[in-house]
> 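For reference, the structure I am asking about is given below.
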Amino acid sequence: MEEPSLEALMQAGFIFVVGVTIILSNLLIIATYLNFRGPSEVINYYLLSLASADLLCGLLVVPLSVYPALVRRWVYGDIVCRLVGYLEVTLWAVSVYTFMWISVDRYLAIRKPLRYETVQTKTRCQCWMVFTWISVAMMCCPPLLGFNKPIFDREAFICMLDWGNMAAYTITLSILVLGPSVITIVYTYFYIFRMMRKLRSGVPIHDKEYATALSENLSNPSHIMSFVLVMTFWISWTPYAGLKIWASINGPPQHAWSDRLHLRL
């Protein structure tokens, strides 16, 4: 075995630090919510779902990139490669759907301020999250059944699914995950910010009880916090999505094709 280069050591060290940071930070978030003794909001269950998805990524996906970063090849076998590719897509889809449910929760808090606690019960939200995790796990399972051959990405040092081999499934999954999520997020936050502007402009609301409840809900900082979380998530994925779209239109660089031929499992 060749001695790892300085660049390989630095990359492996960086991946290790990132993995430890993801694990510790999300463990802290989960422990904080679970041990909180005050009145908790329903949105906390969605934030727990996000933290759980990130924690699983830090535990099961990121660490498997450390050693491949040193040796510049995948060493864990085809089954583990397939599992990693499956987990990546599943955890990402869970995060996307969770952001959608967060936007729905904030929308209901503004749309139905007097009935919000009746509509958005803790039990109902827990059921929605369980349903989300189970349905996403089933939708993303074809790679586990051998329908999508994963490839090792030499730049990310991780196994990734080759979506080009399953164009129909890729398009269908994208529509099922991104379609309702993006439409829901855009509509709900457009409504929330429109109501904020309407209330600040002094538009009269004849129902005083409704106006008071609406004003209290709009003053909750969780609306802005959730919007920042959603936008940060989508902005962080924009460069990757742009590269994939560019590659699908113009084709990847020639050297990438040769690397893929050598590294395909």
Side-chain angles (χ1 to χ4, degrees), residues 21-58 90-137 176-200 209-237:
T21 302
I22 292 174
I23 293 172
L24 294 180
S25 60
N26 285 285
L27 281 176
L28 180 62
I29 292 172
I30 293 173
T32 300
Y33 282 121
L34 293 179
N35 292 292
F36 184 68
R37 293 292 178 262
S40 59
E41 296 188 38
V42 169
I43 194 175
N44 290 346
Y45 292 101
Y46 300 125
L47 297 178
L48 276 174
S49 175
L50 286 176
S52 299
D54 289 341
L55 178 61
L56 289 175
C57 182
T90 300
L91 297 176
W92 183 83
V94 166
S95 298
V96 172
Y97 277 133
T98 302
F99 281 120
M100 180 187 72
W101 291 124
I102 289 175
S103 68
V104 170
D105 175 77
R106 295 299 86 194
Y107 168 79
L108 291 174
I110 305 304
R111 186 71 176 81
K112 302 179 182 295
L114 297 175
R115 299 180 53 220
Y116 170 71
E117 293 184 357
T118 303
V119 175
Q120 283 291 84
T121 63
K122 294 180 180 180
T123 302
R124 184 171 296 175
C125 294
Q126 290 171 352
C127 290
W128 275 121
M129 293 318 305
V130 171
F131 171 77
T132 297
W133 279 81
I134 294 175
S135 59
V136 168
L176 291 175
V177 176
L178 296 178
S181 301
V182 172
I183 294 173
T184 301
I185 290 171
V186 171
Y187 173 77
T188 52
Y189 280 105
F190 175 80
Y191 179 85
I192 290 171
F193 285 111
R194 185 168 65 88
M195 291 302 295
M196 284 183 175
R197 186 178 61 179
K198 184 177 180 180
L199 197 64
R200 289 171 182 172
E209 186 179 5
Y210 172 81
T212 301
L214 178 61
S215 179
E216 291 178 354
N217 284 351
L218 284 174
S219 64
N220 192 328
S222 61
H223 297 297
I224 302 299
M225 179 200 69
S226 62
F227 179 74
V228 171
L229 283 175
V230 171
M231 293 305 299
T232 301
F233 176 83
W234 288 111
I235 291 173
S236 66
W237 278 97

> In a check of side chain to side chain donor-acceptor pair (under 3.5 Å) between Thr132 and each of Tyr97, Trp101, Tyr46, which one passes?
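Option passing the side chain to side chain donor-acceptor pair (under 3.5 Å) with Thr132: Trp101.
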> Can you list the residues that meet the ring-ring contact (aromatic ring centres under 6.0 Å, His included) rule with Phe99, with sequence neighbours excluded?
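Applying ring-ring contact (aromatic ring centres under 6.0 Å, His included) to Phe99 gives Phe233.
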> Donor-acceptor check, side chain of Ser103 to backbone of Met100, threshold 3.5 angstrom: yes or no?
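Yes: the side chain of Ser103 pairs with the backbone of Met100.
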> Please report the C-alpha distance between Ser226 and Tyr189 in whole Å, then the side-chain angles of each, then the deciding distance to 0.1 Å, and finally whether the side chain to side chain donor-acceptor pair (under 3.5 Å) criterion is met.
CA-CA 10 Å; Ser226 62; Tyr189 280 105; 2.7 Å; yes
> Return the set of residues passing ring-ring contact (aromatic ring centres under 6.0 Å, His included) with Tyr187 (not counting sequence neighbours), or none when no residue passes.
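By the ring-ring contact (aromatic ring centres under 6.0 Å, His included) rule, Tyr187 matches Tyr107.
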> Okay, side chain of Thr184, backbone of Ser181: is any donor-acceptor separation there less than 3.5 Å?
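It does not hold such a pair.
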> Rounded at 0.5 Å granularity, tell me how far CE in Met225 sits from CZ in Arg106.
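The CE atom of Met225 sits 7.5 Å away from the CZ atom of Arg106.
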> Could you tell me the separation between the OG atom of Ser52 and the OH atom of Tyr33, rounded to the nearest 0.5 Å?
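Rounded to the nearest 0.5 Å, the OG-OH separation comes out at 11.5 Å.
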> State the CD-NZ distance between Gln120 and Lys112, to the nearest 0.5 angstrom.
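One finds 11.5 Å between CD of Gln120 and NZ of Lys112.
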> Supply the atom-to-atom distance Met129 CE to Leu50 CG, rounded to the nearest 0.5 angstrom.
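Atom-to-atom, Met129:CE and Leu50:CG are 7.0 Å apart.
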> Can you name the residues that form a side chain to side chain contact (heavy atoms under 4.5 Å, CB included) with Leu55, not counting sequence neighbours?
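Applying side chain to side chain contact (heavy atoms under 4.5 Å, CB included) to Leu55 gives Ile23, Asn26, Leu27, Ile30, Leu59.
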> Between Ile224 and Met196, is any pair of side-chain heavy atoms under 4.5 Å apart?
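They are in contact (side-chain heavy atoms under 4.5 Å apart), so the answer is yes.
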> Closest approach of Cys125 and Val42, non-hydrogen atoms and distance?
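For Cys125 versus Val42, the nearest heavy atoms are SG-CG1, 2.7 Å.
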> Would the distance check show the side chain of Thr121 and the main-chain N or O of Glu117 forming a donor-acceptor pair, the cut-off being under 3.5 Å?
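Answer holds: no.
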> Which residues pass the ring-ring contact (aromatic ring centres under 6.0 Å, His included) test with Phe193, not counting sequence neighbours?
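Once residues adjacent in sequence are excluded, the partners of Phe193 under the ring-ring contact (aromatic ring centres under 6.0 Å, His included) criterion are Phe227.
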> Starting at CG of Leu48, measure out to CD1 of Ile43 and round the result to the nearest 0.5 Å.
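Nearest 0.5 Å value for the CG-CD1 distance: 11.0 Å.
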> Is there side-chain contact between Ile110 and Tyr116, with heavy atoms separated by less than 4.5 Å?
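Side chain of Ile110 against side chain of Tyr116, heavy atoms only: no contact under 4.5 Å found.
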> In chain order, what residues pass the ring-ring contact (aromatic ring centres under 6.0 Å, His included) check against Trp133, with sequence neighbours excluded?
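Partners of Trp133 by the ring-ring contact (aromatic ring centres under 6.0 Å, His included) criterion come out as none, since no residue qualifies.
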> Measure the shortest side-chain to side-chain distance between Thr232 and Leu229 over non-hydrogen atoms and say whether it is less than 4.5 angstrom.
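They are not in side-chain contact.
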> What pair of heavy atoms forms the shortest contact from Ala53 to Leu91, and how long is it?
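The pair with the smallest heavy-atom distance is O-CD1, 3.7 Å.
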> Among residues at least two apart in sequence or on other chains, which ones pass side chain to side chain contact (heavy atoms under 4.5 Å, CB included) with Leu24?
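Partners of Leu24 by the side chain to side chain contact (heavy atoms under 4.5 Å, CB included) criterion, ordered by chain and then number, come out as Val20.
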> Find the distance between OG1 (Thr32) and CG (Leu47) and round it off to the nearest 0.5 Å.
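Reported value, rounded in 0.5 Å steps: 11.5 Å.
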